[in-house]
Amino acid sequence: MSLLVIGSVAFDALETPFGKREKIIGGAGTFISLSAAHFVQPVNLVSVVGGDFLKSDIAMLQSKGINVDGLQIKENEKSFFWSGRYFNDMNSRETLVTELNVLGDFDPIIPESYQDCQYLMLGNLAPQVQRQVIERLNNRPKLIVMDTMNFWMDIALDELIKTIGMVDVLSINDEEARQLSGEYSLVKAAKKIMGMGPKYLIIKKGEHGALLFHGEEVFFAPALPLEEVFDPTGAGDTFAGGFIGYLASTDDISFENMKRAVINGSAMASFCVEQFGTERLVDLQPDEVVTRVLEFVKLVNFQPHQG
C-alpha cells in the first residue's frame with residue numbers, strides 16, 4: 001500500500017565514544033524511508049536538499065526502493081546540517097551546530113503521482129509544514145503517523161497542538177510526553193495527549209523500549225539488549241519507519257497489528273544504533289530483519305504457570 005514520507009534529508013557530523021564522522025547522510029526523512037523500504041516499496045519521499053547533496057547519494061536512495069520525485073534540489077543552496085556529540089552513556093548528547101539552510105523555507109510540494117497515498121508518515125519538521133502536507137492531499141490517508149520533538153513544544157506549541165489534532169498516531173519520547181502533557185506519569189500523560197486528537201500514542205523510551213497506547217489498552221515492547229550501541233542518531237526515526245512500513249505492507253491498522261509494527265520498528269532501531277548514521281540500514285539484509293524480530297519474540301515470550 002502506498003506510503004508517503006515527509007522529513008529532512010540532511011548531512012550529519014557525529015562524535016561518539018566510538019569515533020567520529022565528519023559528514024554523512026542523515027535526516028529524519030532518510031532514516032524513516034530507508035527503514036520503511038525494508039517492508040514496502042516504493043516509499044514516496046518529499047524533502048529538500050541543496051546542490052551540495054551528491055547525485056550518488058540520491059542514486060543510493062533510489063536503489064533502496066525510495067521514490068525521489070518529491071525531492072526538491074535547490075542547486076545554489078546548502079542542505080540541512082546537524083552536528084552532535086554523544087557522551088559515554090549514549091542517552092545524553094550535545095548539539096554543536098544546527099544549520100537549517102534549505103529547510104528554513106521548505107515548501108512541501110506533493111507530486112501528483114504521490115496523491116491518494118494510504119499511509120502518511122510526518123517526520124519531525126515544523127508543525128505548520130506537517131499540516132500543509134495533510135491539507136495538500138486530495139484524500140485523507142487511511143493512517144497518519146506524526147513524529148515531533150520538544151523544540152517545537154518550546155517555540156510553536158499552538159501550531160503543534162493544531163497539527164496533533166489532525167493525526168491518528170503520535171510518536172514522541174518520554175521526556176517530550178511529559179513536557180507536552182504536564183504530567184509525570186506516562187499513563188496520565190498518554191490520556192491527556194490522546195485527548196488532543198490522536199487515537200494512538202507511541203512513547204519511546206530509548207534503550208528501555210517503547211509503549212503503545214490506545215484507549216485503555218497499553219502494549220510495551222522492550223529494546224533488545226545490545227553489547228554495543230555505536231551511534232543512537234536516527235534510532236527514533238528508524239523505529240517510526242519500521243512501524244509504518246510494516247503497517248503499510250500488511251495493510252492492517254488494528255491494535256493487534258500495531259503491536260507487531262512496534263516490534264518490527266524496534267528491531268529496525270536496534271540495527272540503526274550498531275553503526276554510524278544510516279550505514280547499517282543501507283547494508284541490511286531481509287533475513288537479518290526476520291531473525292532480529294524473532295529475537296524480540298523470544299525476549300518477551302513466556303508461558304504462565306499452570307497450577
Side-chain angles (χ1 to χ4, degrees), residues 16-18 31-32 34-40 86 88-92 145 147 169-177 185-187 189-190 200-250 252-276 278-307:
T16 81
F18 295 98
F31 283 102
I32 291 166
L34 285 170
S35 180
H38 277 276
F39 300 94
V40 65
Y86 288 89
N88 283 337
D89 71 350
M90 289 296 207
N91 286 327
S92 48
V145 181
D147 192 39
V169 185
L170 179 66
S171 174
I172 49 179
N173 69 28
D174 46 356
E175 185 188 323
E176 290 155 354
S185 154
L186 292 180
V187 175
Y200 303 88
L201 175 68
I202 295 166
I203 299 181
K204 299 166 289 188
K205 291 166 63 66
E207 62 178 335
H208 303 298
L211 290 154
L212 171 67
F213 294 88
H214 172 57
E216 296 299 315
E217 297 181 283
V218 187
F219 174 69
F220 173 70
L224 199 66
L226 298 169
E227 279 190 30
E228 281 185 335
V229 172
F230 214 77
D231 170 25
T233 309
D237 297 315
T238 304
F239 169 90
F243 175 80
I244 199 157
Y246 180 82
L247 289 177
S249 71
T250 53
D252 173 0
I253 57 171
S254 66
F255 186 71
E256 282 307 307
N257 201 49
M258 280 199 190
K259 292 179 185 179
R260 295 182 200 104
V262 167
I263 293 292
N264 278 274
S266 300
M268 295 304 293
S270 74
F271 286 117
C272 175
V273 301
E274 291 180 342
Q275 288 179 22
F276 276 107
T278 55
E279 289 170 356
R280 185 74 172 93
L281 296 179
V282 170
D283 298 328
L284 192 56
Q285 299 304 308
D287 58 328
E288 292 181 281
V289 179
V290 173
T291 305
R292 183 70 48 102
V293 169
L294 290 174
E295 284 180 51
F296 270 89
V297 174
K298 263 194 338 211
L299 193 64
V300 296
N301 205 1
F302 73 98
Q303 293 300 321
H305 178 66
Q306 304 293 325

Chemist: Check A223 against G206 and note the closest heavy-atom contact, atom names and distance.
Modeler: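 Reported closest heavy-atom pair: CB-O, 3.9 Å.
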Chemist: Taking it one step at a time, do F213 and I203 satisfy side chain to side chain contact (heavy atoms under 4.5 Å, CB included)?
Modeler: CA-CA 8 Å; F213 294 88; I203 299 181; 3.7 Å; yes
Chemist: Return the CD1 to CE distance between I253 and M258, rounded to the nearest 0.5 Å.
Modeler: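 CE of M258 is found 6.0 Å from CD1 of I253.
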Chemist: With a 4.5 Å heavy-atom cut-off, do M268 and H38 have their side chains touching?
Modeler: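 Yes; the side chains approach each other to less than 4.5 Å.
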Chemist: Would you say F271 and V289 make side-chain contact, with heavy atoms under 4.5 Å?
Modeler: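 Yes. Closest side-chain heavy atoms under 4.5 Å.
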Chemist: Check A269 against A235 and note the closest heavy-atom contact, atom names and distance.
Modeler: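 Shortest heavy-atom separation between A269 and A235 comes out as CB-O, 3.6 Å.
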Chemist: Could you pull out the closest heavy-atom pair between S270 and F296, with the gap in Å?
Modeler: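 Closest approach of S270 to F296, heavy atoms only: OG-CE1, 4.2 Å.
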Chemist: State, with a plain yes or no, whether a side-chain heavy atom of V300 is found less than 4.5 Å away from one of P222.
Modeler: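 SC-SC contact between V300 and P222 confirmed.
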Chemist: Counting C-beta onward and ignoring hydrogens, is there a side-chain heavy-atom pair between S171 and F243 closer than 4.5 Å?
Modeler: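 Answer no - side chains too far apart.
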Chemist: Got a second to check how far L281's CG is from T238's OG1, nearest 0.5 Å?
Modeler: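 Atom-to-atom, L281:CG and T238:OG1 are 4.5 Å apart.
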Chemist: Does the D237 side chain pair with the main chain of F31, one donor and one acceptor, at a distance under 3.5 Å?
Modeler: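 No, because the side chain of D237 does not come within donor-acceptor range (under 3.5 Å) of the backbone of F31.
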Chemist: Set out, in order, the CA-CA distance, both residues' side-chain angles and the distance that settles side chain to side chain contact (heavy atoms under 4.5 Å, CB included) for I172 and L201, then state yes or no.
Modeler: CA-CA 8 Å; I172 49 179; L201 175 68; 4.2 Å; yes
Chemist: Any chance you could measure N257, atom CG, to T250, atom OG1, to the nearest 0.5 Å?
Modeler: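 Here the interatomic distance stands at 4.0 Å.
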Chemist: Check whether S249 reaches the backbone of V40 with its side chain - one donor and one acceptor, N or O, closer than 3.5 Å.
Modeler: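 Not a single qualifying donor-acceptor pair exists.
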Chemist: To the nearest 0.5 Å, how far apart are CD1 in I244 and CZ in F39?
Modeler: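 Between I244 CD1 and F39 CZ, I get 12.5 Å after rounding to 0.5 Å.
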Chemist: Between L284 and R292, is there a side-chain heavy-atom distance shorter than 4.5 Å?
Modeler: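 Of all side-chain heavy-atom pairs linking L284 with R292, none is under 4.5 Å.
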Chemist: Of all heavy-atom pairs between D231 and Y86, which one has the smallest distance, and what is that distance?
Modeler: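 Scanning both residues completely, I find the closest heavy atoms to be OD1-CE1, 3.7 Å.
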Chemist: List the steps and the verdict of side chain to side chain contact (heavy atoms under 4.5 Å, CB included) for D174 and H208.
Modeler: CA-CA 10 Å; D174 46 356; H208 303 298; over 6 Å; no
Chemist: Before accepting this row, confirm whether a basic side-chain N of the pair E288/R280 lies closer than 4.0 Å to the acidic partner's carboxylate O.
Modeler: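 Salt bridge: yes.
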Chemist: If I compare all heavy atoms of A177 with all of A189, which pair ends up nearest, and what's the gap?
Modeler: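 Heavy atoms of A177 and A189 come nearest at O-CB, 4.0 Å.
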Chemist: To the nearest 0.5 Å, what is the distance between CD1 (I202) and CG (N173)?
Modeler: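 Here the rounded value is 12.5 Å.
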Chemist: Run the side chain to side chain contact (heavy atoms under 4.5 Å, CB included) check on Y200 and V145 step by step: do they pass?
Modeler: CA-CA 9 Å; Y200 303 88; V145 181; over 6 Å; no
Chemist: Please round to the nearest 0.5 Å and tell me the distance separating atom CZ of F255 and atom CD of E217.
Modeler: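 F255 atom CZ to E217 atom CD measures 4.5 Å (nearest 0.5 Å).
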Chemist: Please answer whether the main-chain N or O of D283 pairs with a side-chain N or O of Q285 as donor and acceptor at a distance below 3.5 Å.
Modeler: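 Side chain of Q285 to backbone of D283: a pair is present.
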Chemist: Between L299 and E295, is there a side-chain heavy-atom distance shorter than 4.5 Å?
Modeler: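 With C-beta onward as the side chain, the pair stays apart.
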Chemist: Kindly indicate whether the side chain of V262, heavy atoms from C-beta on, has any atom under 4.5 Å from the side chain of F220.
Modeler: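 SC-SC contact between V262 and F220 ruled out.
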Chemist: Quick check: do F230 and E274 have side-chain heavy atoms less than 4.5 Å from each other?
Modeler: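 No, too far: nothing below the 4.5 Å cut-off.
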